[in-house]
There are 2 protein chains.
Amino acid sequence: MLVDPAVFRPNPRRKIYAAVLEAALQAVSPDTCVRQNMERSHRYVRSGGVIYDLEEIGHIHVIGGGKATAAMARAVEDILEERVDRGLVVVKDGYRVPTRRVEVREAGHPIPDERSVAAAQAILSIAHDAAADDLVIVLISGGGSALLTYPAGDITLEDMQRTTDLLLRSGATINEINAVRKHCSRIKGGQLARHIAPARALGLILSDVIGNPLDVIASGPLAPDPTTFQDAWAVLERYHLVPRIPARVRAHLQAGLEGRIPETPKPGDPIFDRVHMVIVGDNARAAEAAERKAQELGYNTHILSTFVEGEAREVARVVAGLGKEVVRYNRPLPAPACLILGGETTVTVRGEGKGGRNQELALSAAVALDGWDRVTVVALGTDGTDGPTDAAGGMVDGRTLARGRAAGLDVNRYLAENNAYPYLAATQDLLITGPTLTNVNDLICVFVEER
Amino acid sequence: MLVDPAVFRPNPRRKIYAAVLEAALQAVSPDTCVRQNMERSHRYVRSGGVIYDLEEIGHIHVIGGGKATAAMARAVEDILEERVDRGLVVVKDGYRVPTRRVEVREAGHPIPDERSVAAAQAILSIAHDAAADDLVIVLISGGGSALLTYPAGDITLEDMQRTTDLLLRSGATINEINAVRKHCSRIKGGQLARHIAPARALGLILSDVIGNPLDVIASGPLAPDPTTFQDAWAVLERYHLVPRIPARVRAHLQAGLEGRIPETPKPGDPIFDRVHMVIVGDNARAAEAAERKAQELGYNTHILSTFVEGEAREVARVVAGLGKEVVRYNRPLPAPACLILGGETTVTVRGEGKGGRNQELALSAAVALDGWDRVTVVALGTDGTDGPTDAAGGMVDGRTLARGRAAGLDVNRYLAENNAYPYLAATQDLLITGPTLTNVNDLICVFVEER
């Protein structure tokens, strides 16, 4: 049992809801994801529709970065056994998992440190040394962008940090920020693929980005980069950052503009001919596993969206409205119903409280559902870590506010302070799973019981 | 054709979407709502499951207040013909419709004026004069609370205005505000029912409140009031308003506390024995008509919720996420799909632009859907008036932002200024229907076409 049983006290049905969540988490564990997307018979390896003939392959190297990649590497070792030659993956401190042949290093996240650079350097040298008949398996998961940091030219880590901070505060979009970052890196924006060529590359990707855009996940080390040095420069000009960015970043981008440094590889570049990428796990896979389990347990189900974004407390009101519709009109499905949504919400922090986006979503849903006894809303961060807390999210129902009132708590004050954690702790609605070693964003489930 | 055809230019399919909206508006027109909920054979009248034997009924009086009530009165006249004796309804300036026997008066809305009080006085006198064998038909629709204003005791309109303002700024909930307002009125909180008794009362209600709570719509003139003078006083104390409210309001509430003024009628009070209320139109009815029309036109449909609330621009992102799921995974329904939601969003005004909640929702959805060519999102205020504009909402698609960029418009600036109207006007995405004389909140439709 993954879920801390304290949350079962208000309502024994919550054990059933927890089973649905656990099925979802199980389906996106690094191990399950790799095993479901890589099969080996004695001679052949199949992954995502591509078949590799091991008799035609020289060495197999395993490289990568991201929180889940040690666990993914172990799964690859289990499948390919003696055929894995060597390798190196970088994980966040504390995410190490024992492996046999693939070296695991830890580094800083979300702020990259010198260990990231050293590891990235070692990884590039493995990529570079791979022969034309070798296969390089590249493991990528959430956190990979920071963990595989290797600034281009003489740009320093501090330069990159300052550039990123300036961009974040400028109002630039995430695509604009990425155009700059890819052009300041030796790995991002398809450049890892250039180092791997002419060897074959198989990217196994556990996606933590809504919609699985291959050029965005971990900054797309194996994906063609549609952006150019000119685009990157235009972003700096648009937000009046040219005079403010560090001199080494400015000089590097200018060298790129003047053609003294090669562009990132573009769509159609032949280096991508032998690159194959497989999304081995994502939010949809988690949602589908939740759906199967809920059906097995007797619920009518719909997956409504795996693209949910928005301010957590406002998304909560829409989600609550879905539950009310089932109660009142048995739409879009009759009770017992389980409506599943996925994505990633945001919190505009106004207070100094303790919480996370899933806890805030859950508590706001509880406000909207006060008195709606048949409805339970669960909001879960699939990495098991919601905000800077030990909770993964919240599990609330139409009685949550009554429990809060009985404890003398004013929910509006807690919400105003972004302080969902202690409120949910007091109402026994805190969802605690511990770190899951994976991340496919968030899941929201609306359960509605029959009258 | 109700919808201004300018919006059809970007895409001819929009005529089909407009037909869906028009079916929804048609289904909640005051005339349709009354006719679908009141039938007369020669001797009997049936409404909402109750049958009245006209041979046992003396006079039939028609009273009421709300924007739609003149049009509703005319429908009642058409059905009951010579049996309507007399009556009086109050509408907002400009909402008059020709009637035969029922007098129509206009008054101020949303700020009530002396005409409201004079009309309410006349309506109470009709109610009061009704004999035990009479039937009083009470027509209620959005705006009824302001249009049927009649302060209790010697409280003035200005006193009520000031009290309401103080409450609105105090952070009190809508239920708390209503507890005070009902105890300062001669009509609200079931008190109209007391005036009508011992005559029979039939309330025909066109609901503009999510979930159709009978004690909230138009402040519940025919519904038992669960709140007391003590509750009202406690609200004032909770928000430290006792010393700040006008002296006449304070004195009236104190008189109530001391039992010198009767309480509002409570659940179980025998005056409600002969009161029958029928929701003749609401958001669900509009959503269901939209669904039927969309099905007829070949779309797979779901009504997902008629309880949607939240900040318009955030709700938009969830709505966009529903469309993306259909495009990517054909869930919860395969394309061509029409997902329908209803409710009422809010806008936290930050800028000085021109717009309304539906226009802002539409424009925000357009941002989230940039490039998703198969998706169209429509947000419509069913009263035809979205914010202080002549538009009813917006109809946007995956090309809206491209049209805006071609016109040199920066969508982020327009959104920051709450200035959706001119943007949508420039991109030909403004939905204009003209006032509809009805109001059942807002409809949101997500259309997704096949590839």
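Note on naming: letters A, B, ... go to the chains in the order of the sequence lines (proteins, then strands), and numbering restarts at 1 for each one. What you see is a predicted model, and the numbers here were worked out from it, not measured in a lab.
Using cut-offs of 30° and 60° for the angle between ring planes, the Phe307(A) and Trp372(B) rings count as perpendicular.
Of the residues listed (Leu322(A), Val319(A), Ile340(A)), the one engaging Leu304(A) in a side chain to side chain contact (heavy atoms under 4.5 Å, CB included) is Leu322(A), and it is the only one. Put simply, the residue from Val375(B), Val327(B), Thr400(B) that forms a side chain to side chain contact (heavy atoms under 4.5 Å, CB included) with Leu369(B) is Val375(B).
In terms of heavy-atom pairs under 4.5 angstrom with chain A, the leader among Gly171(B), Ala320(B), Ala316(B), Gly321(B) is Gly321(B). Between chain A and the options Ile210(B), Val308(B), Thr306(B), the largest number of non-hydrogen pairs under 4.5 Å is found for Thr306(B). Between chain B and the residues Ser364(A), Gly323(A), Ala284(A), Ala368(A), the largest count of heavy-atom pairs under 4.5 Å involves Ala284(A).
If you measure heavy-atom distances from Glu288(A) to chain B, the contacts under 4.5 Å come from the side chain alone. Contacts between Arg331(A) and chain B at a heavy-atom distance below 4.5 Å involve backbone atoms as well as side-chain atoms.
Side-chain N or O atoms of Asn37(A) include one that pairs as donor or acceptor with a backbone N or O of Val280(A) at under 3.5 Å.
The pair Arg313(B)-Glu311(A) fails the salt-bridge criterion, with no side-chain N (NZ, NE, NH1 or NH2) lying under 4.0 Å from an Asp/Glu carboxylate O.
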